[in-house]
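Contents: one structure, followed by commentary.
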Amino acid sequence: MAHVRGTSREEFAALLRELKTRSGRSYGALAARLHVSTSTLHRYCNGDAVPTAYAPVEQLARLCGASPEELLELHRRWLRADATRKLSAAPPQPPAAPEPEPAPVEEPGPQPASRFARFRRRLLLPGALGASLVLLLAASAVNRDDTPAARHRGDGTNLAAGQSPRPDRSAAPAPTASARPASPSPSHGKTDKSPGGGGRSAAAKSDKRGDGRTAADPVGWTVRSHLWYAGCGHTYLIGKDPAGVPPPPVQQHADTWARTQGAVHGGQTIVEAVLSPRDGQPVVITDVHVRIAGRTAPVAWNAYDMSDGCGGALSEATYTVDLDVERPVPHPQDGFDGEHTLPLAKLPYRIADDDPLALRVEANTESYDTRWYLEVEWSRGDATGVTRIDDNGTPFRTSGYEGRPLYRFAGDAGWIKPPSD
């Protein structure tokens, strides 16, 4: 595999061209498999554009027969090229007015390591690749390589295979000036069971269209909620004995596998939502929140660990959320590619047809069976509003599993209890 020196974009494009040439396939044939136009694929391979999501990059590499080492190198180059693209696209910021120096704030003391900190230490093995699960604020102008069941439109319907994740722009008029709707979190342990509620608060259901949106909501979205730590580490809770649980899937098929088993995310849920204007007119995303729809005691089921021991030092920019606190707040973290810091894109963020926004959220719980969703605040001119992002009309669900029987898959031996860490 040749290593071409140059800008991060040139290095990324050079490896794409190498893989494409070696495959012997035409641009048209590969573009058809990726569900993108031939001209778009040309732009990626020529360095004229950088895909703003990694899923189609990985799919292209696998179609071209990339080795595991080449996949790792391609991911590293994409992270650097994407970070450079975001920095170059950011508008210049006016100088900030001087502010009074704030009073010093006492730093909180060290907190005991959680189950997920211990899980990360086990996964971060030398010589292997990993990624912190993250909220990635990045553009995503290409389709994603997921199973159809893993992708949901903002109108609560699934995307068919090969269908573009571009949200529907059918009939949303430009919003007029309006007050931002209130969106309080429901009381703990209570979820709205009214028809069509799907766990929505009463405020969130007011003035809704048939697709579950406010009539003036200009923000469209797609979502994936079965992403794994480093692409290989995740735990599901299933109300079955090990003999009744099939072997673990790869991440790409996790959504279908989990739904057929009636599985609940164990301790952690990773959500990635892609936002773009429904009517083609730019919208400014001003903030993102995590809302609790209900909390109960953790489900008393067996825990099944999907991890195969992968891990490493590669990470992307992220927001992490502790679902166990009274008011969960997303906490930002920059990414790192082994050499360079990958800064987190900042809100407000202007989304457009050619510059959507990908939000990636890592939400953790140890103490509850938690139902939750995202709310995105937006503005356009004098109009403001809130868009709810959930799991195809219902809240996301994450349950702690402290003290539950834990199993890992051991090939022919099936699901076994591992030795204590």
Side-chain angles (χ1 to χ4, degrees), residues 9 34-37 39-44 47-57 78 81-94 135-144 151-155 159 163-178 180 211 213-224 271-288 316-317 319 342-361 374-389:
R9 177 177 292 192
L34 295 172
H35 308 296
V36 300
S37 68
S39 62
T40 295
L41 187 56
H42 267 290
R43 296 180 66 208
Y44 294 159
D48 294 331
V50 176
T52 51
Y54 182 66
V57 178
W78 174 80
D82 186 58
T84 301
R85 178 194 60 78
K86 287 185 287 185
L87 287 174
S88 63
Q93 298 296 321
L135 168 72
L136 175 62
L137 297 177
S140 177
V142 294
N143 296 346
R144 303 189 173 277
R151 295 174 291 160
H152 301 306
R153 288 169 36 136
D155 60 6
L159 289 174
Q163 184 176 352
S164 169
R166 178 71 61 194
D168 180 25
R169 316 201 183 285
S170 56
T176 56
S178 62
R180 177 172 300 160
D211 58 8
R213 300 171 180 272
T214 57
D217 187 351
V219 179
W221 52 269
T222 63
V223 68
R224 299 188 299 166
V271 169
E272 185 175 82
V274 180
L275 314 181
S276 62
R278 297 181 64 216
D279 54 9
Q281 300 302 313
V283 186
V284 176
I285 304 301
T286 58
D287 210 346
V288 60
E316 300 175 63
Y319 276 88
L342 306 177
L344 184 71
K346 298 183 183 301
L347 299 179
Y349 195 100
R350 178 182 179 273
I351 61 172
D353 269 348
D354 59 352
D355 191 16
L357 175 66
L359 301 177
R360 189 175 172 100
V361 178
L374 299 175
E375 282 187 344
V376 174
E377 294 186 22
W378 56 265
S379 67
R380 177 190 278 171
D382 294 331
T384 61
V386 175
T387 297
R388 168 171 163 157
I389 298 173

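Because the structure is a prediction, the values reported are computed rather than measured. Throughout, residue positions are numbered sequentially from 1 according to the sequence presented.
Between the side chain of Arg350 and the backbone N or O of Pro282 there is no donor-acceptor pair closer than 3.5 Å.
Atoms OH and CG, from Tyr319 and Leu347 in turn, are 5.5 Å apart once rounded to the nearest 0.5 Å. For the atom pair Ile351 CD1 and Ile285 CD1, the distance stands at 4.0 Å (nearest 0.5 Å). Residue Thr286 holds its OG1 atom at 13.5 Å from CZ of Arg380, rounded to the nearest 0.5 Å. Taking CG of Asp82 as the reference point, atom OH of Tyr54 lies at 12.0 Å (rounded to 0.5 Å). Here Asp48 contributes atom CG and Thr40 contributes atom OG1; the two are 11.0 Å apart, rounded to the nearest 0.5 Å.
Between Leu374 and Leu359, every side-chain heavy-atom pair lies at or beyond the 4.5 Å cut-off. By the 4.5 Å heavy-atom criterion applied to side chains, Thr387 and Leu275 are not counted as neighbours.
Across all their heavy atoms, Trp378 and Pro218 have their closest contact at CZ2-CD, 3.3 Å. Listed here is the closest heavy atom pair of Thr384 and Ser379: CG2-CB, 4.0 Å. Asp355 and Tyr349 make their closest contact through OD1-OH, 3.3 Å (heavy atoms, listed as atom of the first residue, atom of the second, distance). For Pro348 against Val284, the heavy-atom pair with the smallest separation is CB-CG1, 3.6 Å. Nearest heavy atoms, Glu377 versus Val386: CG-CG2, 4.1 Å.
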